Amino acid sequence: MFGFLVKRILAVIPVMAVVGLFVFSLLSLAPGDPAALIAGDQASPADIERIRASLGLDRPFLIRFGEWGWRILHGDLGTSLFTNMPVTTMIGQRVQPTVSLMLVTLILAVLVAVPLGVVAAWKAGRLLDRLVMGAAVLGFSVPVFVIGYLLAYVFALELGWLPAQGYTPIEQGVGSWFASLVLPSLTLGLVYIALIARVTRATMLDVLSQDYVRTARAKGVAQGGVLFVHALKNAAVPIVTVIGIGIALLIGGAVVTETVFAIPGLGRLTVDAILRRDYPVIQGVVLLFSFTYVLVNLAIDLLYTLIDPRIRY
C-alpha cells in the first residue's frame, strides 16, 4: 500500500506539469490582449506596448512559462492583471462558497441517486423503473442554466420559500447558509443524480442475478437486507467510480450554477477572469481544479480497498 501511494503521488507531478503547459499554451494562443483591455479604448499603441512590457507579455513563451512554473513551485500563483491582488488571496476569498456548494450537492446526489437506482433495479421493467429512468434522461437532457432559472422562478420568485440569489457564509448561521445553497445544489445535482442513478441501476441488475443473492433470498433474508446489504455492497465499486468521475461534472457545472445564482465562488471568478483575459487568475483556478480532481481519484483508489477486501495494491 505504501509503495502504491508513493507511486501515485509521484505520478501527480508529470500530470500537473502537462496540465500547466496546456493551460499556459492555450491562454497564450487565445485571442485578445490583456494589455489592450487594461489600457482602455483611448490608449495609443505606445501605451499598450508599455503595459505589455510591464506585464512581461513581450518576452518569449518559454521564458515566461519557466518563470511561471518556478513561482508555482514556491506557492506563488502570480498576481491578477486587473486587481493587482495575489491569485492565492483571490482564490482564498472565493473558495468557501464553491466548496460548500459542491459538498452539499455531492451529499444530496448520493443520498437521492443511490436509493433510486437500487429501487429501479428491484422494480426493473415496471412503472417505477420507467419513471426513475425517464427522470434520469430528463436530468441529462435539460441544460443546467434552464433548471436553475426554473427552480429560482418557482421556489424563490413565486413561492418565496428560498433566496433567489447570493450566498450566506456559514458563520452567519447554518440555517441561512443551507437555505442559500438549496436551489443551487438542486440545479447542479440533477445531472449528477441522473448519472449515479443510471449506473447504480445497471450495476444492481447484474448483481441481483448472482447466485449469492438467490441464496440470501432462499434463507429468508428481508428484501431490504438483500438489496442494501448483500447486493449494494458488491455493486459499490462501479458506483464509487462514477461518483468520483462525476466530480468533473460538479466542477464544470459550478461555473454555470454560480453565474445563475450570483454566488461569489471560484466558478464566478473564472468567468470574470476569462472575460477580462486575466491570465494568472485563469491559470491558478484551472490548476487548483485539476489538482483537486487528481486527489479525488487517488482517494477513490484507496476507498476501493475498504469497499472490496479482494482489491489489494
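Throughout, numbering of the chain's residues begins at 1 and tracks the sequence. Keep in mind it's a predicted model, so treat the numbers as computed, not measured.
- Note: L181 CG to L186 CG = 10.5 Å, rounded to the nearest 0.5 Å.
- The side chain to side chain contact (heavy atoms under 4.5 Å, CB included) test with S180 singles out one residue from I170, T168, L162, and that residue is T168.
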Is there a side-chain contact (heavy atoms from CB on, under 4.5 Å) between M90 and L269 once you walk through the steps?
-> CA-CA 8 Å; M90 298 179 67; L269 177 64; 3.8 Å; yes
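- The distance from atom CG of L195 to atom CG of L190, rounded to the nearest 0.5 Å, is 12.5 Å.
- Exactly one of L108, V242, I243 qualifies for a side chain to side chain contact (heavy atoms under 4.5 Å, CB included) with Y192. That residue is I243.
- Smallest separation of non-hydrogen atoms from A262 and R268: CA-NH1, 3.3 Å.
- Judged as a side chain to side chain contact (heavy atoms under 4.5 Å, CB included), and not counting sequence neighbours, the contacts of T98 are M102, E258, L266.
- Between T105 and L101 the shortest heavy-atom distance is OG1-O, 2.6 Å.
- Within the 4.5 Å cutoff, no side-chain heavy atoms of V119 are placed close to those of V132.
- Between V112 and P115, the closest heavy-atom pair is O-CD, 3.5 Å.
- Put simply, the side chain of P280 does not reach to within 4.5 Å of the side chain of L77, judged on heavy atoms.
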Could you walk me through whether T203 and V199 pass the side-chain contact (heavy atoms from CB on, under 4.5 Å) test, one step at a time?
-> CA-CA 6 Å; T203 308; V199 173; 4.0 Å; yes
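- Inter-residue side-chain proximity for I107 and L111 is flagged as met; some heavy-atom pair is nearer than 4.5 Å.
- L21 and W70 end up in different hydrophobic clusters when Ile, Leu, Val, Met, Phe, Trp and Tyr side chains are linked at under 4.5 Å.
- Listed by chain and residue number, S100, Y167 satisfy the side chain to side chain donor-acceptor pair (under 3.5 Å) test with W177 (two or more places apart in sequence, or in another chain).
- When the shell of 6.0 Å around OH of Y293 is examined, it contains more than 12 heavy atoms from other residues, nucleotides or ligands.
- When every heavy atom of A120 is checked against every heavy atom of M133, the shortest pair comes out as CB-CE, 4.3 Å.
- Residue pairs that meet the salt bridge (charged side-chain N to carboxylate O under 4.0 Å, His left out) test with at least one member in residues 176-203, sequence neighbours left out, are D129-R201.
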Would F261 and L188 count as a side-chain contact (heavy atoms from CB on, under 4.5 Å) if you check the C-alpha gap in whole Å, the side-chain angles of each, and the deciding distance to 0.1 Å?
-> CA-CA 11 Å; F261 291 96; L188 182 58; over 6 Å; no
Walk me through it: do T187 and V260 pass the test side-chain contact (heavy atoms from CB on, under 4.5 Å)?
-> CA-CA 10 Å; T187 301; V260 170; over 6 Å; no
